[in-house]
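As structure tokens, the structure follows; a few thoughts come after it.
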Amino acid sequence: LRTISASSRISSCVAFRISSRSFFSISSVTPEYQPDKPRAPFKDGVSGVSISLIVPITYLVISLSSISTFSKYFEAFGFSKKTEIDLPGEASPVYHKQEKMGPTELASSSFGQTFKITPMQLMTAASAAVNGGYLLKPYIVSKVVDSNGNIVKTTEKTVKRQVVSESTSKKLREMLKAVVKDGVKNAYVAGYEVGGKTGTSEKVAEMQASGERGLYISSFMGFAPIDEPEIAVLVMIDEPRGDTHFGSTVAAPVASEIMS
């Protein structure tokens, strides 16, 4: 990947060729909540994901889902275990076990807080959301050859399980396409239809330890072409400095540059 100048350090920048046809939570931002403002639905009655509404999403999860259901999908998307990628030193996730999760933990976990996962876990889970619903094992080495050029070992695609249906995955692709088309235009890539989602995460532990305020990780995860995803890109920028810290303005342009 080319080196891209930015006002803050890029803490993580990952790009993969996907399809499950191979191997992309949808992160949330924290905009002003306006419960009385009508929201224009996307086609097929899908609500807009480009405007992340923390309060109603939390309420919806608590009202319509149980702790056991949330934990089932949390595990199904691979957030409770290492991805087993062929690299050393992969970190283990930190999260609320089902037996220790109450309404408060369920509410905070529903929009991506109070648990810790790796960028690789995020990449593989989000890829499953858009590739037809299949969680795949990620890998770096495609094949191993000897000094004579003979193939010694080839890595085959490994499907761990199907997490969501093809129809659900298709709706998610439509929603994420609308995020870029109608909202995060900084992620636009000429000649391709891109889908994606921004993330603006508070570094709560660091702020509590240091007493400093306003520490964030700004991120964007994108895929292209969104109708038949082949490329997934995750950009995370640690503690951006400047007039804004939102993923849409800080990380999305970097992702666009990478995909271009």
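Numbers here are sequence positions counted from 1. Source: prediction; values computed, not measured.
Between Phe220 and Ser248 there is no side-chain heavy-atom pair separated by less than 4.5 Å. Using a 4.5 Å heavy-atom cutoff, the side chains of Ile237 and Ile217 are not in contact. Residues Tyr73 and Thr69 meet the side-chain proximity criterion, which asks for heavy atoms closer than 4.5 Å. Residues Lys72 and Phe77 form no side-chain contact, since every pair of their non-hydrogen atoms from C-beta on lies 4.5 Å or further apart.
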Discussion item. Determine whether Leu122 and Leu234 satisfy the following criterion, side-chain contact (heavy atoms from CB on, under 4.5 Å), listing intermediate values before the conclusion.
Written reply: CA-CA 9 Å; Leu122 181 58; Leu234 171 61; 4.0 Å; yes

Discussion item. Let's go through Lys153 and Lys143 carefully: what are the C-alpha distance in whole Å and the side-chain angles of both, what is the deciding distance for side-chain contact (heavy atoms from CB on, under 4.5 Å) to 0.1 Å, and is it a yes or a no?
Written reply: CA-CA 5 Å; Lys153 180 181 178 181; Lys143 61 183 177 181; over 6 Å; no

Fill in: Working for side-chain contact (heavy atoms from CB on, under 4.5 Å), residues Met221 and Val233
CA-CA 6 Å; Met221 179 168 288; Val233 173; over 6 Å; no

Discussion item. Between Thr154 and Val144, is the side-chain contact (heavy atoms from CB on, under 4.5 Å) condition met? List the steps.
Written reply: CA-CA 6 Å; Thr154 301; Val144 178; over 6 Å; no

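Arg161 places no side-chain N or O within donor-acceptor distance of the main-chain N or O of Leu135, the cut-off being under 3.5 Å. In this structure, Asp238 contributes its side chain and Pro240 its backbone to no donor-acceptor pair below 3.5 Å. Within the 3.5 Å criterion, the main-chain N or O of Gln121 finds a donor-acceptor partner in the side chain of Thr124. Under a 3.5 Å cut-off, the side chain of Lys171 and the backbone N or O of Ser167 do not form any donor-acceptor pair. Between the side chain of Ser256 and the main chain of Ala252, no donor-acceptor pair closer than 3.5 Å is present. Within the 3.5 Å criterion, the main-chain N or O of Gly247 finds a donor-acceptor partner in the side chain of Thr200. Using a distance-only test at 3.5 Å, with no hydrogens or angles considered, no donor-acceptor pair links the side chain of Thr158 to the main chain of Lys137. Between the side chain of Thr168 and the main chain of Val164, no donor-acceptor pair closer than 3.5 Å is present. A donor-acceptor distance shorter than 3.5 angstrom exists from the side chain of Glu105 to the backbone of Gly102, with no hydrogens or angles considered. In this structure, the side chain of Thr83 does not engage the main chain of Met120 through any donor-acceptor pair within 3.5 Å.
Shortest non-hydrogen contact noted between Met123 and Ala232 is SD-CB, 3.5 Å. Considering all non-hydrogen atoms of both residues, Asp86 and Ile140 come closest at OD1-N, 2.7 Å. The nearest pair of heavy atoms linking Ala224 to Met259 is CB-SD, 4.3 Å. Ser219 approaches Ala251 most closely through the heavy-atom pair C-CB, 3.5 Å. Of all heavy-atom pairs spanning Val180 and Tyr188, the tightest one is CG1-N, 4.2 Å. Heavy atoms only, all atoms of each residue included: Ser110 and Phe70 are closest at CA-CE1, 4.0 Å.
Counting only N and O atoms by type, the side chains of Thr249 and Thr244 include a donor and acceptor under 3.5 Å apart. Side chains of Ser68 and Gln98: a donor-acceptor N/O pair is absent below 3.5 angstrom, by distance only. A donor and an acceptor atom, one from each side chain of Thr114 and His96, are located under 3.5 Å apart.
Residue Lys160 qualifies as enclosed at atom NZ: its count of foreign heavy atoms under 6.0 Å is above 12. The environment of Glu90 atom CD is dense: over 12 non-hydrogen atoms of other residues, nucleotides or ligands sit within 6.0 angstrom. Residue Lys116 qualifies as open at atom NZ: its count of foreign heavy atoms under 6.0 Å is 12 or below. With a 6.0 Å radius and a threshold of 12 heavy atoms from other residues, nucleotides or ligands, Asp146 has its CG atom above the threshold.
With values rounded to the nearest 0.5 angstrom, Ser92 atom OG is found 13.0 Å from Ile117 atom CD1. The line from CG of Asn131 to CD of Glu228 is 10.5 Å long, rounded to the nearest 0.5 Å. In this structure, OG on Ser210 lies 5.5 Å from CG on Leu215, to the nearest 0.5 angstrom. Separating the CD atom in Gln208 from the CD atom in Glu202 is a distance of 10.0 Å, to the nearest 0.5 Å. Atom CD of Glu206 and atom CD of Glu212 lie 10.5 Å apart (nearest 0.5 Å). In this structure, CG on Leu176 lies 13.0 Å from CD on Glu193, to the nearest 0.5 angstrom.
Using the six-membered ring where Trp is involved, Phe115 and Phe79 have ring planes that are tilted, between 30° and 60° apart.
No option in Val184, Thr198, Val194 other than Val184 meets the side chain to side chain contact (heavy atoms under 4.5 Å, CB included) test with Val179. Partner of Lys177 under the side chain to side chain contact (heavy atoms under 4.5 Å, CB included) criterion, out of Ile226, Leu172, Asp182, Val130: Ile226 alone.
Both tests pass for Lys97 against the ring of Tyr95: distance under 6.0 Å to the centre and angle within 45° of the axis.
Transitive grouping of hydrophobic side chains (ILVMFWY, heavy atoms separated by less than 4.5 Å) keeps Met236 and Val204 in distinct clusters.
By the 4.0 Å N-to-carboxylate-O rule, Lys170 lies too far from Asp227 to be salt-bridged with it.
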